[in-house]
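What follows is a set of notes on a single structure, which appears directly below.
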2 protein chains.
Amino acid sequence: MKDKNTVIERLKKANFKLTPQRMAIIETLIGNKTHPSADAIYDKIKKKFPMISYSTIYNTLRILIDLGELRELSIKENKINYDPNTEPHHHFLCEKCNRIIDIFQEINFKSEHINTHKIRNYEIYFYGICSDCLKRIK
Amino acid sequence: MKDKNTVIERLKKANFKLTPQRMAIIETLIGNKTHPSADAIYDKIKKKFPMISYSTIYNTLRILIDLGELRELSIKENKINYDPNTEPHHHFLCEKCNRIIDIFQEINFKSEHINTHKIRNYEIYFYGICSDCLKRIK
DNA sequence: TTATTAATTAAAAATTATTCTTAATTAAAA
DNA sequence: TTTTAATTAAGAATAATTTTTAATTAATAA
């Protein structure tokens, strides 16, 4: 999800309607680096659309994922977090402040196979204490 | 979780009781390379203990995790899979047969920090088609 | 511009996985 | 043995997500 117009064009091309609710969800996601969960998105959208329902949130998120414009993270147990940045990168979960932080540092791994299994995708989840929390503890 | 006696010793040392239900759960897990979910374990234990309840399963799994004898995987969405092999290794989820396969191949990553964030642990999840399914497709 | 229609919505019920509560049971210590 | 503190089974509670359905609405065609 780079910019609103590109996402809108892709939705149109795939014959999805551009409802105000969807537009609001897209606007909340574009450039969002907080990796929100569905309920964080719901809470934000509810300010503009007090009648919004979770089905609308989940339906829109599903569409964006299927279009490849949104990425699901399983870095927290039993909870999905969403990342509108679909460029290859990894994630760090701070166990103190609970933030999910993008890791753009390249990990030396490029091959298309591992042990003869064909890789379509891979995720690296780091767990620890982020630099801000480390400072705070000192 | 290497062998039963070591796990039993560790449970004793930590003042946990060695109930038959717990022993059965441990026996199911030792050497188990299938990465079972709680309900797969429940189904198996139920054959021996038809009255077993999920709370016993989850309680025992929690103890083993806290003792460092069991590892939780978040490779599948909204589901926890358990791995009794606590040696460092990674996992591959086959999107065809849905199996979770151990990856012992070393990934070049050793540092204690990433971008000044302190790493306590990290997980690598690969997604794709396993070699068995690749053969079957050909 | 209006009518049509097919997609989308909100609401609520259902589902799934896990956790919590409670009273009864049992393993281990005294 | 008796005691007691941990553990159990059962089921209720919780949390996240999905499904169902009838009403609404966006986009297309008349």
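Protein chains get the first letters and strands the later ones, always in sequence-line order, with residue 1 at the start of each. Because the structure is predicted, anything quoted here is derived from the model rather than measured.
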Quick one: which protein N/O atoms are closer than 3.5 Å to N/O atoms of nucleotides 11-21 of chain C? Pair and distance per line, please.
from, atom 1, to, atom 2, distance (Å)
C:dA11, OP2, A:M51, O, 3.1
C:dA11, N6, A:S55, OG, 2.9
C:dA17, OP1, B:K79, NZ, 2.7
C:dT18, OP1, B:I80, N, 2.9
C:dT18, OP2, B:Y58, OH, 2.5
C:dT18, O5', B:Y58, OH, 3.1

Name all residues meeting the side chain to side chain donor-acceptor pair (under 3.5 Å) criterion together with [X]; count only those two or more places apart in sequence or in a different chain, and write none if there are none.
| X | answer |
| --- | --- |
| B:D39 | B:S37, B:K79 |
| A:R136 | none |
| A:N32 | A:T34 |

* Give the ring-plane orientation class for B:F92 versus B:F126, where under 30° counts as parallel, over 60° as perpendicular and anything between as tilted. => parallel

* Structure fact -> 5'-most to 3'-most nt of DNA chain D touching chain B (<4.0 Å, heavy-atom partner on protein side) reads D:dA5 to D:dT17

* **Working for side-chain contact (heavy atoms from CB on, under 4.5 Å), residues B:F104 and B:N85** => CA-CA 11 Å; B:F104 293 101; B:N85 184 346; 3.5 Å; yes

* Structure fact -> Residues pairing under ring pair (Phe, Tyr, Trp, His ring centres under 6.0 Å) where one sits in residues 2-40 of chain B, two or more places apart or in two chains, turn out to be B:H35-B:H91

* **Pairwise ring pair (Phe, Tyr, Trp, His ring centres under 6.0 Å) hits with a residue in residues 59-88 of chain B, at least two apart** => none

* For B:T86, which residues count as a side-chain contact (heavy atoms from CB on, under 4.5 Å) partner, sequence neighbours excluded? -> none

* Non-neighbouring partners of A:N59 that pass side-chain contact (heavy atoms from CB on, under 4.5 Å), sequence neighbours left out -> A:R22, A:I63

May I have the list of side-chain donor-acceptor pairs in residues 4-13 of chain A shorter than 3.5 Å, sequence neighbours left out?
from, atom 1, to, atom 2, distance (Å)
A:K4, NZ, A:E27, OE2, 2.8
A:T6, OG1, A:D3, OD1, 2.4
A:T6, OG1, A:D3, OD2, 3.3
A:R10, NH1, A:L67, O, 2.8
A:R10, NH1, A:E69, OE2, 3.2

* Inspect the surroundings of NZ in B:K76 and state if more than 12 heavy atoms from other residues, nucleotides or ligands are less than 6.0 Å away. => yes

* Full working for ring pair (Phe, Tyr, Trp, His ring centres under 6.0 Å) between B:Y122 and A:Y125 -> CA-CA 6 Å; B:Y122 71 101; A:Y125 297 134; over 10 Å; no

* Structure fact -> Residues of residues 14-25 of chain A with a heavy atom under 4.0 Å from any atom of DNA chain D, listed by number, are A:K17, A:L18, A:P20

* Asked: Can you list the stems that DNA chain C is part of, where a stem is at least 3 pairs in a row, each Watson-Crick or G-U, with both distances below 3.5 Å?
  -> C:1-30 with D:1-30

